[in-house]
Amino acid sequence: MAQRPRFPAQLDTSSGRPDVAKKIAVSAGGTGAGVQKHAQMATPRALTPESTALRARMVQRLAVQGIRSPQVLTAMGTVERHRFVDSGLAGQAYEDTSLPIGLAQTISKPNVVARMAELLLAAQALQPVEGAAPGARLGRVLEIGTGCGYQAAVLSLLVREVYSIERLRGLHDKARDNLRPFRLANVHLLFGDGMVGYAKGAPYAGIIAAAGGEAVPQAWCDQLAVGGRLVAPLVTGAGQQSLIVIDRTPHGLKQNVLEAVHFVPLKSGIA
Ligand code: SAH
């Protein structure tokens, strides 16, 4: 079994390990600018070389696991996941594992966050239009289930505006505290029942749910732009959830069922 790195981890920095995040930021061309801007804003405290190295390793793993989008890999290499979990769990923040965030909820595994972000970014409505500045962030996205705010931070580097809604007051407040030092002007945190979406921000180029229900709420489909894409876990069998993708085309909705996943349940109402 792989040994868990302690935190801060003791890493051998003399090994000349590649700085994956930096490499990808460069190869991603224009996206580097946005990332750098974020990186500047995202350093309320000094970046520890240890967490930077652990993130770079995590990004390498994500690439091996099949994540191809340079933008997604750059975002995953930029957002400091350890700042979104309790300090006692920070040592596990860059492992491929989900972690508790309080109130019986969990932060998704990095590879699930990256996979969903990659699927979302492939939305037709999120493709660069002719004349757009290279690497410009496009489109409005709605996230259902803010949790600790980690995925919202990742999405903030990938799209123009992120609306993120959470039904548990305690987690909404926690996400606000977690995100405050990053000063992400394009993340809008909302407290409410995401089952009804958030009509005021609609239509969305993308909708991403971090909690799985028995059916996709009609409001989500209604609030999706033409060319927009919904990525969500859905109960597809007894006790079984799968990731689904729904594209809104000019001719209607097109649904694809992908791999099995395990998310916390989608619940209605606020608490
Ligand atoms: N993206 C989150 C994952 C949080 S887990 C992160 O990065 O941490 C999923 C979250 O969905 C939980 O916080 C849960 O409270 C929330 N949730 C479940 N049903 C919801 C609903 N109807 N509206 C809003 N949030 C919901």
Side-chain angles (χ1 to χ4, degrees), residues 42 55 58 62 72 75-76 78-86 89-90 92-120 141-159 162-180 182 184 187-202 204 206-221 223 230-235 241 243 261-271:
R55 262 194 316 286
M58 177 186 80
L62 292 173
V72 170
M76 296 297 293
T78 302
V79 179
E80 299 170 287
R81 193 170 187 260
H82 68 273
R83 295 198 192 276
F84 291 84
V85 295
D86 286 349
L89 295 170
Q92 295 170 56
Y94 299 105
E95 291 178 26
D96 204 15
T97 179
S98 54
L99 292 169
I101 53 174
L103 302 179
Q105 307 302 316
T106 53
I107 179 175
S108 308
K109 287 178 181 194
N111 85 346
V112 171
V113 172
R115 166 88 169 130
M116 291 179 83
E118 186 168 66
L119 287 167
L120 194 79
V141 161
L142 174 67
E143 179 193 35
I144 290 104
T146 313
C148 66
Y150 172 72
Q151 180 161 263
V154 171
L155 293 173
S156 80
L157 298 183
L158 300 171
V159 301
V162 179
Y163 292 84
S164 183
I165 187 160
E166 172 57 55
R167 67 178 287 276
L168 297 178
R169 170 69 76 180
L171 285 176
H172 168 74
D173 290 345
K174 186 181 235 180
R176 209 185 35 219
D177 290 347
N178 287 342
L179 288 167
R180 187 176 291 119
F182 295 93
L184 301 170
V187 175
H188 313 284
L189 297 184
L190 309 156
F191 172 58
D193 181 359
M195 293 270 254
V196 297
Y198 181 63
K200 280 189 190 154
Y204 298 100
I207 298 182
I208 194 163
E214 306 272 333
V216 175
Q218 184 59 40
W220 298 359
C221 297
Q223 292 173 20
L230 167 74
V231 183
L234 182 70
V235 176
Q241 285 176 347
L243 204 55
V261 284
H262 188 71
F263 278 80
V264 295
L266 182 71
K267 293 192 173 166
S268 58
I270 52 172

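Every number for a ligand or one of its atoms is a count from 1 in the order of the listing. As a basis for the values below, the full set of heavy atoms in this structure was taken, side chains included, without hydrogen atoms, waters or symmetry mates.
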Output yes when the distance from some N or O of ligand 1 to some N or O of Thr106 is under 3.5 Å, and no in every other case. no
Could you tell me if the side chain of Arg81 sits less than 4.5 Å from the side chain of Ile107, heavy atoms only? yes
Just going by heavy-atom distances, which of Glu166, Gln105, Gln151 is nearest to atom 16 (C) of ligand 1? Glu166
Work out whether the distance between some heavy atom of Thr146 and some atom of ligand 1 is less than 4.0 Å. yes
Ligand 1 atoms nearer than 4.0 angstrom to some heavy atom of Glu143 are 1 (N)
Identify, for atom 23 (N) of ligand 1, the protein heavy atom at the shortest distance, and state residue, atom and that distance. Gly194 N, 2.7 Å
Cation-pi, Phe191 ring and Arg169 (6.0 angstrom, 45 degrees): yes
Here the pair of heavy atoms bringing Gly197 nearest to Ala219 is N-CB, 4.3 Å
Can you tell me the protein heavy atom closest to atom 9 (C) of ligand 1 and the distance? Ala210 O, 3.3 Å
By number and element, which atoms of ligand 1 are closer than 4.0 Å to a non-hydrogen atom of Leu171? 13 (O)
Protein contact to atom 19 (N) of ligand 1 [nearest heavy atom, distance to 0.1 Å]: Lys267 N, 3.0 Å
For Leu168, the atoms of ligand 1 under 4.0 Å from one of its heavy atoms are 15 (O)
Find out whether Ser164 and Val141 are in side-chain contact, i.e. whether some heavy atom of one side chain is under 4.5 Å from a heavy atom of the other. no
Considering only heavy atoms from C-beta outward, does the side chain of Thr106 approach that of Leu99 to under 4.5 Å? no
Is the closest side-chain heavy-atom distance between Tyr150 and Ile101 below 4.5 Å? no
Among non-hydrogen protein atoms, atom 10 (C) of ligand 1 lies closest to Gly145 CA, 3.6 Å
Any Pro100 side-chain heavy atom under 4.5 Å of Gln105 side chain: no
Evaluation steps, side chain to side chain contact (heavy atoms under 4.5 Å, CB included), between Cys221 and Val216: CA-CA 8 Å; Cys221 297; Val216 175; 4.0 Å; yes
Atom 20 (C) of ligand 1: the protein heavy-atom neighbour that sits closest, reported with distance to 0.1 Å: Arg167 CD, 3.3 Å
Which ligand 1 atoms, with their elements, are less than 4.0 angstrom from a heavy-atom of Met195? 22 (N)
Number the atoms of ligand 1 from 1 as they appear, then name those within less than 4.0 Å of a heavy atom of Pro265, with their elements. 18 (C)
Residues Asp177 and Lys174 bridged, charged N to O under 4.0 Å: no
Quick note on ligand 1: atoms under 4.0 Å from a heavy atom of Ile165 include exactly 24 (C), 25 (N)
Out of all atoms in ligand 1, which are within 4.0 Å of some heavy atom of Val264? Include the element for each. 5 (S), 9 (C)
Can you name the one residue among Leu155, Leu142, Thr146 that meets side-chain contact (heavy atoms from CB on, under 4.5 Å) with Tyr163? Leu142
Which of the ligand 1 atoms, numbered from 1, are nearer than 4.0 Å to a heavy atom of Ala211: 11 (O), 18 (C)
Mind checking whether Leu243 and Met116 have side chains closer than 4.5 Å, heavy atoms only? yes
Does ligand 1 come near enough to Ile144 that some N or O of the ligand is less than 3.5 Å from an N or O of the residue? no
